[in-house]
Amino acid sequence: QSDITIALQLEPPHLDPTSAAAQAIDSVVYTNVFEGLTRFMGDGSIVPGLAESWEVSEDGKTYTFKLREGVAFHDGAPMSAEDVKFSLDRARAEDSANAQKALFDGIAEVTVLDPASVQLTLDEPNGSLLFNLAWGDAVIVSEASIADIKTNPVGTGAYKFAEWVQGDRIDLTRNDAYWGDAPALESATFKFISDPTAAFAAVMAEDVDVFDNFPAPENLPQFEADPRFQVLVGSTEGETILSTNNKQQPFDDLRVRQAIAHAIDRQAIIDGAMFGYGTPIGSHFAPHNPAYVDLTGNSPHDPDKARALLAEAGHPEGFETTLHLPPPSYARRGGEIIAAQLAEVGITAEIINVEWAQWLESVFKGKNFGLTIVSHTEPMDIGIYARPDYYFQYDNPEFQTLMETLNTTTDPGERDALLQQAQQIISEDYVNGYLFQLAKLGVAKAGVQGLWLNAPTAAIDLTGVSWSE
Amino acid sequence: MSRGLWIGSLLTALMLGLALLSLVWTPYPYEQLDIPNKLMPPSLTHPLGTDHFGRDILSMIMVGIRTSMGVAIVAVAIGLAFGIPLGLLASQRKGGWIDEVIMRTNDVIFAFPLLAMAILITAVFGPSATNAIVAFGIFNIPVFARVTRGGALSLWEREFIFAARVAGKSRLRISAEHILPNILGILIVQGTIQFALGIQVEAALSFVGLGVQPPTPSLGRMLADAQTLVTIAPHIAIFPGLAIITIVVGLNLMGDGLRDWLDPRLRVVRA
Amino acid sequence: MSLLEITGLSVSIAGKPILRNVDLSVAKGEIVAVTGESGSGKSMTAFSVMQLLPENAEIGGAIQLDGTELTALPEAQLCAMRGARIGMVFQEPMSALNPVKTIGDQVVETILIHGALPRDQARAHAHEMLSRVGLPPDQFSPTRFPHELSGGQRQRVVIAMAIALRPDLLIADEPTTALDVTTQAQILDLLKGLVSEFDMGLLMITHDLAVVSDMADRIVVMRAGEVVETGPTRQLFARMNHPYTRMLFEASRHSVELPEKHGAEALLSVQDVVRAYRLPRTKLFGPAEYHRAVDGVNFTLRKGERLGLVGESGCGKSTLTRAILGLEPVQGGQILLNDAPVYTERGADLAVRRGMQVVFQDPFGSFNPRHRVARLITEPYHLLDAPPTGAERADAIAEALRAVGLSPDDARKYIHEFSGGQRQRIAIARALIIKPDLILFDEAVSALDVSVRARILDLVAELCESHDLSYLFISHDLSVVRTITDRVLVMRAGRIVEEGETELVFSNPRHPYTQALIAAAPVLPDIDIDHRSHPHV
Amino acid sequence: MLRYTLKRLISLMLSLAVASLVIFAVIEIAPGDPAQFMLGVNAQPDTLAALRAELGLDTSKPDRYLAWVGGMLQGDFGTSYTYRTPVAGMIADRLWVSLPLTIYALVISILLAFPAGIYAASRRGRIGDAAMMGTTQLGVAIPNFWFAMMLVLVFAVNLRWFNAGGFPGWDKGLRTGLHALTLPAIALALPQASILARVMRSALLDVLGEDFMRTARAKGLSRGQAIWRHGLRNALIPVLTIIGLQVSFLLAGAIIIEQVFYLPGLGRLIFQAINARDLIVVESVVMLLVFVVITVNFMVDLAYAVVDPRLRTRT
Ligand SMILES: Nc1ncnc2c1ncn2[C@@H]1O[C@H](COP(=O)(O)OP(=O)(O)OP(=O)(O)O)[C@@H](O)[C@H]1O
Ligand SMILES: Nc1ncnc2c1ncn2[C@@H]1O[C@H](COP(=O)(O)OP(=O)(O)OP(=O)(O)O)[C@@H](O)[C@H]1O
Ligand SMILES: [Mg+2]
Ligand SMILES: [Mg+2]
């Protein structure tokens, strides 16, 4: 068998990874259709992509990338340094529609040295530049095809875009002119099935070979028990947290936030909402990261202590607040459980189910909320705690300085230490309720091999996927 | 009273009884989570089993019936409160401009598929039981206006209405004194039908997340929760579904029975 | 051997006996009329012959058509019989035809289902039949739908259907009751002609003795499911052995004595009144068109006068009534009661309305079924500034009920507890209760059986004596108007065509329309019962 | 007939105009900025403004309304905010699922309901009638999405006769397509068939009591013949009304059933679009649904005139 059908929960709105936040775009095109200078591997490491190698200047402000030879876009045009400059300039331009413009913030200039080398000049050293360039938002696109990139993406990857039946599927076919090792599969179809019931049925009926991010954890035991299938349990970059509006009464009181942290029973939430899948976390950091420290001990489930803290903070009878829940089931189900747990210590949280658009509008932009549950799926995003205007409105100068130091630090050991310190600070400030690291739950037919177990970024890297006998 | 009316009233009374009982007693507190005991099949301790949070399904159904009935009743009440006066007004001057305006407005409301309207309303004001009620209530207005107008129009041609007009009574007064009591029968029948429809609409809206919000259980919400679990624990989908069917069958049987019972043609024969 | 021979027929529905031991026969070429009051079982007898009784009916006795026993025949053979050997015409021409099929098709169908003729010949034959009943295809296209014909024309279609295959027996159940007198005369003539032409037996059902006496060779009188008397027309009328027959006869030509009229002041004055209804537009643009239901009517009703208004269906009688009552605006002229207009800009004037009350035709539809009699008959009190209350009110109710021959106890009952005649009495009580100057009777006795009608007419005459009534009596029934009024108006298509002293108009009509009307009305044979020997007494 | 048609047509236009205003007004006050949604949480203000301009969200409301309506009149429904493709095309694609589904359901509904209704009416009061009416009573009460869940449980998960969801596309062949739509169509059709059967029965019973049915029997037609030749067409008038109403119920019901079976139809489009704040798509789909309902009612009115000659001359 040389084709594969992969189901995704969400359909991409369009296929330009450089002008939207939608992860579904990356799921389809990242490394398959589009490639960047660097790229993520399944274990989260950064490896060369279209850049064969690079050199960093002494002061850490100049990066010189050596591009691979013989790389061509799907339309036949060769990929050159001009394309890299075009792509990066486009992404960081004033009127750019790039959803992660911040990735390119420190870049002062992109210079074409020769057709096979590009130089990036930075304002100041940036320890995460190679990491940033691995993102889907930083892939190299071709100027010739930029006009209809959204419906007909032309990249350099191992697969070419073939067809998109909106509302149903996207087909990719193998790019025979690919510069790298030829992938095993000749074609791949992405189908979009967001409904959990339909997802279950589609897998059971063997309509799909792989279901990336299977939406109903409750059904996984059935697949485990079925020899036709394998269940792939990995980790995502998603820290699932009970975000708290730190500027709003009564959450501006540390004791109240601490009380909430003690009111929460993480394991019950993981069991009830995720059917046991997920790793408890005590801070905003992914457990698979080398710099991770387990801080769950800062907030064990202790309703009595929670009640005592509330009384101390002047809320012996508890208080009322809102709990905004976006659509994913970790939020909707988790929210119901949390509301019940909060009720036990006297806090009445009114559940408000919102769609993502409303969530963005009223919670994220409007900061009009008490509590909300959301999984922060960007990799290495602890830096958001240094932004006082970020929706949970945590404003701690100490933390902000720490992050500035981190940004200019390139030594891995030092960076780990700084990151651990950062985890400590927010954990002890009980900025948010830290719940669990979102598991990556995939289901695949038994014969499929080479799929990513974890999700350092949203991607289904087809280059390594194949069928066993 | 016919057998259908008996059975219908009995079923309705039973469900209503469960709903009222839930105000003072349920086997377990419906909001009590017991996650270690989730998805238990029916047993002696939990007659209808437990759901994915380990809540007692019987208790939730009892409260759910209450919620669903409450939503449906209020929506019907909205329809009655606005539909009857509008229908009466329209019928008083058949073909007049008031009649035209009312009936054309009704046509427009009618042209919106109920669900599309509910979706629009919830898109604007967010999903909530209140918005579901408003959506279905608005939909009910033309229903009752039409039934009222239809019934009233034929009455206005009846001789006893002429007699009342000869007695100098105003149209308003005649509407209240003669028209309304004589169309009460069809209104009650229509009311039970809309009530039954309301139960179904609430279920449908809550099922797609546009109706009653957690943690309040409603029959539709329970089904929505059950959707992904139906393969591993069918009982959590089956029982709320059966509850909906029982209420609706009960109400429909009652409506049909009442119609036969109130039908003036049959009444004359009985007298 | 007769064509149709019914012996000992009994029918019961759901255990309730409907017909008891009915004997009846019809010979070829003979017209047999079954008569009797409402509910006496006339229609059930007809349905028994057709074997189209309700499903839960049980039938006993024998019905033989030309020697074939119909009650024992299997359904398939009955179907072959119906329409081919027995034809039937029903009372309501308006609803007896399928509204969605053309008249031609409906006639053709009779021929086709019996396989009598191939399709094209069947069509030709159907056209022939339509011509025979007076609807020649070149004038009345067979592709018309029933709603495009008048009542009389529809009845002709039904007859054409029934006789298309020249049945041996034709059954006609009240074939003319729903029609105007002039149309009735034409249809009756048509039936008579067909019987002699085709040599059919005709079993005709009617409650109208005058029609019976004109048409029938033999008469069967029924009461409560039984045949009380039967015999050749002349003989039966001459003898009238059974008191019920005699009662029917007397009631049918019942006349009352009105007290002398008096007073000459105008009570109601109708001047050039026009009531026009806007017609649905036929052109998208252009002026609206109007139908003048009442078209320039002029008359005066004086105090103490009993005025009649006759005319055929749809001529505008009821419209005029509503205008007089001030229920609708008029588009021209004016209506004055005691010199005050009944309808003003602000609607009806209550003070003026106090002077008028009305009695309607339908004894079943005239009352709100949810109210008790006391409340029903005091409804006109609404017109009074200070209506009586308490004991005074109770007395007034009792008095009004007594005046119409009911008991004061009836005040507590609901309307469904009364018979049609009693209801009409209650309607009169309601009209009397505020002692109006004028009462309008709109077809007030048309829906009643003859015996009941006679008693209501007596009541009106009595009330004239005791209450000094003035009224406008509206009816299409000439004989009633003749006895209950002093003066009469003849209306046609919205206009008054003749006006005069009742007796004068009836004995010497001047307008051709009045003449036609009177000529068409069937009359009872002139038999003086009082001067006859009574064998039973 | 022409006048009748014209009058209906004018009333149809008016209804559509009012409906379009209502829809536009409601959508306009809906919170949620499509541009913000598309760019996600890290979007910067200048990026947002650029996108808003690109989407035409910066013009005035009346202008937007007129542009929308004007476009629709020419078959141009605008461009989807999120997909950046013409809405008309998206709707057309989805219609190829929703419309066949609705029609399929309607056909099933009629095929079940007519014989059932006729059978029950002709056996009025007997055991067959009672059984049929009992069944339809249940059928009316069953929520179609619950029924859909049960169908999936039995026929897709346990028996594996059908797929539990998804639509392979018509290019895979008519049979494959219909096969995928069968369970959804049944789930949609059964409650509607029950209603229709009940209406059919009572309409027939009403007609059976009419005088012209007696006339037909007196002509020599058997009971069955009389029902077939004279009863049905007259009974069709109330039945037509219900069928007209059902189209809107089926379309609306399809919105939910499409969710359960994961069919790429209009219903899913509308939910997706709402979640993505793709307002132009929401507006257009709702407008289309309203248009279909109004047009079906219009056609039902015309069908009346075909069935009932009295309406051809009367107005
Ligand atoms: N379907 C029925 N079920 C029960 N009783 C019936 C039915 N049809 C008629 N009857 C009763 O049978 C009796 C005879 O009715 P029928 O119709 O023969 O009277 P009729 O003499 O034709 O009266 P009319 O002059 O009013 O037509 C009446 O008492 C009537 O109430
Ligand atoms: N509301 C109305 N709109 C339009 N036309 C009407 C209306 N009411 C009555 N007409 C028409 O006015 C004419 C007179 O009707 P009206 O009821 O006064 O007749 P009538 O003499 O009382 O007849 P009948 O003896 O049948 O009661 C008829 O042609 C009728 O169709
Ligand atoms: Mg991205
Ligand atoms: Mg993260």
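Keep in mind that this is a model prediction, so the values were computed, not measured. Letters A, B, ... mirror the listed sequences (proteins, then strands); counts begin at 1.
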request  = Counting only heavy atoms closer than 4.5 Å, note whether A:Glu218 contacts chain B via side chain, backbone, both or neither.
outcome  =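 Contact with chain B involves both backbone and side-chain atoms of A:Glu218.
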task = Please indicate whether B:Tyr28 has more than 12 foreign heavy atoms, meaning atoms of other residues, nucleotides or ligands, lying under 6.0 Å from its OH.
result =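 More than 12 within 6.0 Å, yes.
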message = If you compare all heavy atoms of B:Pro214 against all heavy atoms of A:Ile351, which two are closest, and at what distance to 0.1 Å?
response =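 Heavy atoms only, the tightest pair is O-CB, 3.4 Å.
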Do [X] and [Y] come close enough that some side-chain heavy atom pair is under 4.5 Å?
X: A:Ile352; Y: B:Gln213; value: no
X: B:Leu39; Y: A:Phe275; value: yes
X: A:Phe200; Y: B:Leu229; value: no

ask   = Of the backbone (N, CA, C, O) and the side chain (C-beta and beyond), which part of B:Gln227 lies under 4.5 Å from a heavy atom of chain A, both, or neither?
value =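 Interface part for B:Gln227: both.
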key: Among the listed options A:Ala273, A:Gly272, A:Ala343, the residue most often paired with chain B at heavy-atom distances under 4.5 Å   =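 The answer is A:Gly272.
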inquiry  = Applying a heavy-atom distance below 4.5 Å, give me the residues of residues 327-341 of chain A that approach chain B, sorted by number.
reply    =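 Only A:Arg333, A:Glu336, A:Ile337, A:Ala340 of residues 327-341 of chain A have a heavy atom under 4.5 Å from chain B.
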Residue-level interface, residues 54-80 of chain B with chain A, non-hydrogen cut-off under 4.5 Å =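 Interface residues of residues 54-80 of chain B: B:Arg55.
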